[in-house]
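Report on one structure; see the data block that follows.
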Amino acid sequence: MVNSRDEISKTQKMSKIAANLTVDCQISRNFVDYTYAENYMAARAAQIAVGDSNELIWFVEHEPLYTAGTSAESQDLLMPKRFPVHQTGRGGEYTYHGPGQRVVYVMLNLNKRGKDVRAFVAALEAWIIETLAAFNVDGERREDRVGVWVKREPLSLGKEDKIAALGIRLRKWVSFHGISINVEPELEHFSGIVPCGISGHGVTSLVDLGLPVTMTELDIVLKLKFTEIFGGELNMID
C-alpha cells in the first residue's frame, strides 16, 4: 500500500505545486482505436511540452487487445493470434485492454510538477488506491510487483489478484500512457498473456469482487480523487 511517510509527503507536494494548473478531462463514450490513441497522446504531449495545450487526462475503453511494454518478454505472450498485439513505448510488460476496463491516459507536465518519477508513480498508485477505497476495496501496492492488488478470502491462503495496472512513458518530462482499472472486463481474456510478467497470481475486477459498479460511477470518483492527489482544476472537454 502507498503508506510510507516519504511517499505520502511526495504526493502531497505534487498536489500543492499544481494547485493553480488547469487539466483538461475528456471521456470518450465509444471504443477508441489503440493506434489512434497512441498517436493522439504523443501529439498532445508534444503540445503540452511547449506550452500550447493544457495537461489532459483521457478516459477511454478499447476493443480487446494486448500491449507490450519496453520490458515485455516474448514467452509471456501465450496466445499471439488471439487479439491484436501492439508494441508500445510505455514501461512494463504485457497487459490486456478491453471492454469493461477503464483506461485513463495521463498527460501531465512534470516540468511544472517536480521532476520526480518515483513521486509521480507513487501518486498514480495512490490515485488508484484511493479510488478503490471509495468502493470499500482495499487496494495495495507490492514492492516486487507492478500494479494494485487485492487480497482474496480466505486470507490464510495468501491469494492476491490484480485489479489495476499502470505504465507510463515520459518525453521531455511530459507523461503519457497511464492507468487501467478492471470494472467488468472478460477476465478470461487475460489468459492469453502473463500479465505484467507475473505468474502465480490472478486478475479480478470490481464486479468480480461482488461490487456492481458502473463505469460512470467509477469516473466520478476518479475525477474527484485526481484533483485531491494531483491538484489543479479539471476542465471537461468533448
Side-chain angles (χ1 to χ4, degrees), residues 14-15 17-65 67 84 86 88-91 95-113 120-121 123-128 130-132 134-135 148 164-185 206 213-238:
M14 182 172 290
S15 176
I17 290 173
N20 296 321
L21 296 178
T22 297
V23 182
D24 289 342
C25 179
Q26 181 176 4
I27 300 177
S28 293
R29 300 301 179 185
N30 299 316
F31 292 132
V32 175
D33 176 77
Y34 189 80
T35 299
Y36 170 82
E38 281 202 301
N39 292 335
Y40 183 84
M41 283 190 286
R44 182 65 178 246
Q47 293 171 351
I48 293 169
V50 298
D52 287 345
S53 293
N54 290 335
E55 297 176 311
L56 172 68
I57 55 174
W58 183 21
F59 293 60
V60 307
E61 281 183 272
H62 294 299
E63 292 184 339
L65 58 92
T67 68
H86 295 264
T88 181
R90 63 159 174 80
T95 193
Y96 165 77
H97 293 316
Q101 182 189 69
R102 175 51 86 210
V103 177
V104 188
Y105 291 127
V106 181
M107 287 146 272
L108 299 183
N109 190 350
L110 299 194
N111 292 290
K112 296 183 178 181
R113 294 172 173 272
F120 180 54
V121 172
L124 290 172
E125 292 172 330
W127 183 24
I128 296 169
E130 290 299 317
T131 296
L132 294 174
F135 300 102
V148 174
L166 62 95
I168 61 167
R169 183 175 182 181
L170 294 175
R171 183 178 293 164
K172 296 183 179 179
W173 287 100
V174 177
S175 68
F176 49 114
H177 296 281
I179 69 169
S180 62
I181 298 176
N182 296 333
V183 180
E184 192 179 8
L206 289 168
V213 177
T214 68
M215 199 71 76
T216 298
E217 290 170 335
L218 180 70
D219 290 347
I220 290 169
V221 179
L222 278 167
K223 289 184 288 183
L224 174 64
K225 298 301 179 180
F226 178 88
T227 56
E228 291 179 1
I229 291 170
F230 289 95
E233 180 178 351
L234 289 185
N235 173 48
M236 298 301 300
I237 62 174
D238 295 328

Of the non-hydrogen atoms in [X] and [Y], which two are nearest, and what is the gap between them?
X      : Y      : result
Pro84  : Pro64  : CD-O, 3.6 Å
Cys25  : Leu234 : CB-CD2, 4.3 Å
Val60  : Arg102 : O-NH1, 3.0 Å
Phe31  : Glu63  : CD1-CG, 3.6 Å
Gly89  : Arg169 : O-CD, 3.4 Å
Ile128 : Ala164 : CG2-CB, 3.6 Å

[atom1]-[atom2] distance between [X] and [Y], expressed to the nearest 0.5 angstrom:
X      : Y      : atom1 : atom2 : result
Thr227 : Leu21  : OG1   : CG    : 13.0 Å
Leu224 : Thr131 : CG    : OG1   : 8.0 Å
Met41  : Met107 : CE    : CE    : 6.5 Å
Ser175 : Ile57  : OG    : CD1   : 11.0 Å
Leu56  : Asp24  : CG    : CG    : 6.0 Å
Tyr96  : Gln101 : OH    : CD    : 7.5 Å

Q. With the threshold set at 4.0 Å, does a side-chain nitrogen-carboxylate oxygen contact exist between Glu55 and Lys112?
A.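 Answer for the salt bridge query: no.
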Q) Counting only heavy atoms not in Glu184, do more than 12 fall under 6.0 Å of its CD? A) no
Q: Measure up the Trp58 and Tyr105 rings against each other and bin them: parallel (under 30°), tilted (30 to 60°), perpendicular (over 60°).
A: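 Trp58 vs Tyr105 ring planes: tilted.
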Q: Hey, can you tell me if Tyr34 and His62 have their rings parallel, tilted or perpendicular (30° and 60° cut-offs)?
A: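 Answer is perpendicular, since the angle exceeds 60°.
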Q. Does Arg90 reach the side chain of Thr67, with side-chain heavy atoms less than 4.5 Å apart?
A. yes
Q: Report yes if the side chains of Leu132 and Ile181 come closer than 4.5 Å at any heavy-atom pair, otherwise no.
A: yes
Q: Assess whether side-chain contact (heavy atoms from CB on, under 4.5 Å) is satisfied between Ile27 and Lys223, documenting all intermediate values.
A: CA-CA 11 Å; Ile27 300 177; Lys223 289 184 288 183; 4.3 Å; yes
Q | Criterion side-chain contact (heavy atoms from CB on, under 4.5 Å) on Arg113 and Phe120, from CA distance to verdict | A | CA-CA 9 Å; Arg113 294 172 173 272; Phe120 180 54; 6.0 Å; no
Quick one: does [X]'s side chain have a donor or acceptor within less than 3.5 Å of a partner on [Y]'s backbone?
X      : Y      : answer
Arg44  : Asn54  : yes
Trp127 : Lys225 : no
Asp52  : Ala46  : no
Glu125 : Leu166 : no

Q: Go through the steps to decide whether Leu108 and Phe230 satisfy the test side-chain contact (heavy atoms from CB on, under 4.5 Å), and finish with yes or no.
A: CA-CA 10 Å; Leu108 299 183; Phe230 289 95; 3.7 Å; yes
Q. When you look at Glu61 and His97, which way does the side-chain contact (heavy atoms from CB on, under 4.5 Å) test go after all the steps?
A. CA-CA 8 Å; Glu61 281 183 272; His97 293 316; over 6 Å; no
Q | With sequence neighbours excluded, residues passing side chain to side chain donor-acceptor pair (under 3.5 Å) with Asp33 | A | none
